[in-house]
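Step one of this worksheet: look at the structure below.
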Number of protein chains: 4
Amino acid sequence: MARPTVEPQRRRAMIGAAIEAIHAQGGLDVTVGQIARRAGFSPALAHHYFGAKDDLLLAVMRQLLGDLGRETAAGLRGVRDGRARVSAILAASLGPAQFRPATLSAWLAFYEMAQRNPQARRLLRVYFRRLNSNLADALARVAPRAAAREIAAGAGALIDGLYLRHGLGHAAPDSGAAARIVEAHIAARLG
Amino acid sequence: MARPTVEPQRRRAMIGAAIEAIHAQGGLDVTVGQIARRAGFSPALAHHYFGAKDDLLLAVMRQLLGDLGRETAAGLRGVRDGRARVSAILAASLGPAQFRPATLSAWLAFYEMAQRNPQARRLLRVYFRRLNSNLADALARVAPRAAAREIAAGAGALIDGLYLRHGLGHAAPDSGAAARIVEAHIAARLG
Amino acid sequence: MARPTVEPQRRRAMIGAAIEAIHAQGGLDVTVGQIARRAGFSPALAHHYFGAKDDLLLAVMRQLLGDLGRETAAGLRGVRDGRARVSAILAASLGPAQFRPATLSAWLAFYEMAQRNPQARRLLRVYFRRLNSNLADALARVAPRAAAREIAAGAGALIDGLYLRHGLGHAAPDSGAAARIVEAHIAARLG
Amino acid sequence: MARPTVEPQRRRAMIGAAIEAIHAQGGLDVTVGQIARRAGFSPALAHHYFGAKDDLLLAVMRQLLGDLGRETAAGLRGVRDGRARVSAILAASLGPAQFRPATLSAWLAFYEMAQRNPQARRLLRVYFRRLNSNLADALARVAPRAAAREIAAGAGALIDGLYLRHGLGHAAPDSGAAARIVEAHIAARLG
DNA sequence: AATGAATGAGTTTTCATTCAT
DNA sequence: GATGAATGAAAACTCATTCAT
C-alpha cells in the first residue's frame, strides 16, 4: 500500500530527455519516440504521462521557466540595493545554466511553438512580463520610473538577442561576456 | 524560341507564398503543398523549381537576407558621417519592411532552421557578421575600434531581441520604438 | 477463509458497466479501460476476471440472453392457452427491459460481433432458435404446424427489425407499439 | 490536356473493396490499409480520395443506398397497380443484390456506425423514410391511409429483421423466402 | 512546362495485455 | 486480490517526393 508512485520521476526524466532531444534534433520536430527512447522508455509511456505531444512540450517549457524563476528569486533573496538587484537578475538570466546549449535550443524552439500554440504564447509572455517587471522594479530604485521602464525594456530585448546569437553557436558572446554587455548597456543608460 | 522564361516570376511567387505560409502556419512545419497552393501552383512545381523543400526554404532565406542587404546598402549610399551611417543601418534593419509580421515569422523560423541545417546556419552567420561589421565600421568613425566593436555587438543582439519580442506580438515595441531603443543604447554607450 | 468471494459482484458490475459503455460509445469499440473505469475498477481487473476483451463481451452477451430467457420463462409459467403463450413471449421480447436504449445498443453491437466471432455467432443462433421454437410451439396449438413455423419465422424477424429501428431512435415504435405491431401481424396471419 | 481523370474509377474501386473488406473482416473495424490493399492501392490513396476513414465509409453507404434507390425506382417504373407496386418495392429491397452476403455485412456495419456518426444516422433515416413512404403510398391505393401506414411500418421492420437474420447466415430465409414472408404479411394484413 | 497520380516512410496516438508489487 | 507501470503492435493520417503524361 502507498506504493511510492514513480510518476514524478518519470516526468522529470522525460522532460530532461526532451530538452536533450530538442537540442540534438535542432527544433521541435523531435518525435515523441526520440524523446522517450532517450529517456529509456517506450513512446507510449510519454503519452501515458503527458497526454499529447504538445502537453509534453508545454511541461518542458514550464520546467525551464520555473528553473529560471527559482534561480532569479534565489539570487534576489536578501539583496536590497537596486543596482545589485539588477545584477542578480542578469546573473540568473544569463548564467551558465541558461547558456547551456541544450537550454538555448529549447528556448528557441519554444519561441517558435509560441507562434502557433496559445498556451505556449501565454507562458512566454509571462516570462517577458516577469523579467521586465523585475528589472524595472530594481531600476526604479536608482532611476525615475519612466526611465527605469525604458531601460528595462531594452535590457530585456538585449538578453533575448544574446540568447539567440548564442543559440547559433560559434563566435557569439559566452555567458560572462553576455552579462557584461548587458551590464554595460544599463550602466551607460543610467548615465 | 527565346520565349522569355517565366521561371524567375514563378520562383518569386513561390518565395512570397512561402513567407506568407510560414507566417500563417507559425513556423517551418508548413507543407510544400500549402506553399504551392498559396502561390497558385501544384506542389510538384515547387520541387521542379527548387528541388527539395529545404532548398526552397533556403531560397526564401536568401531572398530575405538579400532584401535587407540591399535596403541597408541603399540607406548607406552617399552617407559619410559615422553617426548617420549607424542610423541608416538601424533604419534599414528595424524599418517597416523588416517588422512586417510575416517577415518576422520567417526570420524566427530560420533561426530554428539554422539549428539543424548547416547552410541555413551559414547564411545566418553571414548576416550577423555583415550587420556587426557594418555597425562597427560606422561606429569606428566616432569611437575607438575596441569600443566600436563592443557597442556594435550589443546593438546587433539588441536588434535581434527586438525582432523576437515583436514576433510574439502583443505589447512589443513597434518599428519606430524599436529604432529609438537601439539609438538610445548607442547614444548612451557613446557617452 | 471461506470469506465470501466478491468475484460474482465484480463480474456483474463489470457487465453492467460494459452495457452502459457500449451504449455511450455506440458500438463495440469501447475500450476495456472505459468499461472498467465506469465500473470503478482498473482495466487490469477486467482481464483478471474475464481474460481477454472478447471474453468479457461474450459474458455480457450471455447475461443479456439469460435475462431474456428468464423473463420469457417467467411469462410463460402457468400459461396454457396457445394464443396467450404467444402474447407472453412477445411481452417478454419486446418488453421495456429489452427496449432500454442501452440494451438495444448492446444487442446491435453483438450482431456485429457475431460477424467475426464464432462464439458470439453461436450464442445469437441459440437465441434465434429458442425464440423461433417458442413461438412455433405456441402457435402450433392454434394453427397447423407448417403455418405455425412460417408465422413464427416472420414474427421473429419482425421483432428483430423493431429492435433495429428502435435502436436508431427517433420516431421508431416504442415498446407498446412494437408489441402491437407484432400482435397484429400474428392475428392477421392466423386469419 | 483534359487528361481524363481517374478519380471516379478509383473511388468506385475503393468503395467496392471496402464492401468486400467489411464483409471479410466482419464489421467496421476494417483498416484503411485492408481496404486499399484489396483495391490494389496504397492506404495513402484512400486518404487522398476520401479524406478520413469515416468519409470513405459514408461514401460506401451512399453507394449502397443509391443502388437500392435506383433499383426500386426501376422496378416501380410504369407500374400503376398498388399491389403490384408493393411487390416491386419488396422485390428490390429483398432481391438478390441486397441479399449478397457482403452487402448485408455492410448494411449491418452501417447500422452500428449510425450509433455514433450523425451523418450515417441521417443517411439511414432517409432510407427508412423512403422505404416507408414508398410502401405506404402504394398500399394507400388498396387500403385506407391509416391502415396503409401501419402495414408499411410493419413491413419495413420485417424487411430489416430479415436482413439481420440473413446477415448471420445459416438457416435464415433466402432472398425468395424473405420476399414471400413479407408478401404473406402484407396479404394477411390487407385481409 | 506543369500536374495529377501515387506512394513510402514516418508520426502521433490508442489500447489490449502483461506483470511485479 | 488489485493495480500502477509499462509496452508492443497497430491504426489513422500526413507529406515530401517521384513520375508518367
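Lettering follows sequence order; numbering is per chain, from 1. Nothing here was measured: the structure is a model prediction, and the numbers come from that model.
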If the condition is side chain to side chain donor-acceptor pair (under 3.5 Å), which residues does D:D54 pass it with, not counting sequence neighbours?
D:N117
Taking side chain to side chain donor-acceptor pair (under 3.5 Å) as the definition, give me every residue that meets it alongside B:Y49, ordered by chain and number, with sequence neighbours left out.
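Residues passing side chain to side chain donor-acceptor pair (under 3.5 Å) with B:Y49: none at all.
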For DNA chain F, find the residues of residues 43-52 of chain D with a heavy-atom distance under 4.0 Å and give them by number; none if there aren't any.
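Residues of residues 43-52 of chain D that come under 4.0 Å of DNA chain F are, in numerical order, D:A44, D:H47, D:A52.
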Nucleic acid contacts of residues 11-29 of chain C, taken as heavy-atom distances under 4.0 Å to DNA chain F:
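Residues of residues 11-29 of chain C that come under 4.0 Å of DNA chain F do not exist, since none gets that close.
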Calculate the interatomic distance between [X] atom [atom1] and [N] atom [atom2]; express it in whole Å.
| X | N | atom1 | atom2 | result |
| --- | --- | --- | --- | --- |
| A:L57 | E:dT11 | CG | P | 14 Å |
| D:I35 | F:dA10 | CD1 | C1' | 16 Å |
| D:E7 | E:dA6 | CD | P | 10 Å |
| A:F41 | F:dT7 | CZ | P | 7 Å |
| B:Q34 | F:dC15 | CD | C1' | 10 Å |
| A:Q9 | F:dA5 | CD | C1' | 12 Å |

Using every non-hydrogen atom in the two residues, find where [X] and [Y] come nearest and quote the distance to one decimal.
| X | Y | value |
| --- | --- | --- |
| B:A109 | B:L28 | O-CD1, 3.4 Å |
| D:A24 | D:R38 | CB-NH2, 3.3 Å |
| C:A114 | C:R121 | O-NH1, 2.8 Å |
| D:A13 | D:A39 | O-CB, 4.0 Å |
| B:V30 | B:I22 | CG1-N, 3.7 Å |
| B:A46 | B:V32 | CB-CG1, 3.7 Å |

Under 4.0 Å between a side-chain N or O of D:R10 and OP1 or OP2 of E:dG4?
no
Is the shortest side-chain N/O distance from D:T5 to OP1 or OP2 of E:dG4 below 4.0 Å?
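For D:T5, the contact criterion (side-chain N or O under 4.0 Å from OP1 or OP2 of E:dG4) is not met.
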Report the residue (A:T31 or C:K53) whose heavy-atom-nearest nucleotide on DNA chain E is the more 5′ of the two.
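Nearest-nucleotide comparison on DNA chain E picks A:T31.
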Between its two end axes (five pairs each) the helix from E:dA2-F:dT21 to E:dT21-F:dA2 turns, nearest 10 degrees, through 10°
side-chain contact (heavy atoms from CB on, under 4.5 Å) partners of A:S42, counting only residues at least two apart:
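For A:S42 the side-chain contact (heavy atoms from CB on, under 4.5 Å) partners, ignoring immediate neighbours, are A:A44, A:L45.
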Indicate yes or no for a side-chain donor-acceptor contact from A:Q34 to the backbone of A:T31 under 3.5 Å, with no hydrogens or angles considered.
yes
Just by distance, do the side chain of C:Q9 and the backbone of C:V6 share a donor-acceptor pair under 3.5 Å?
no
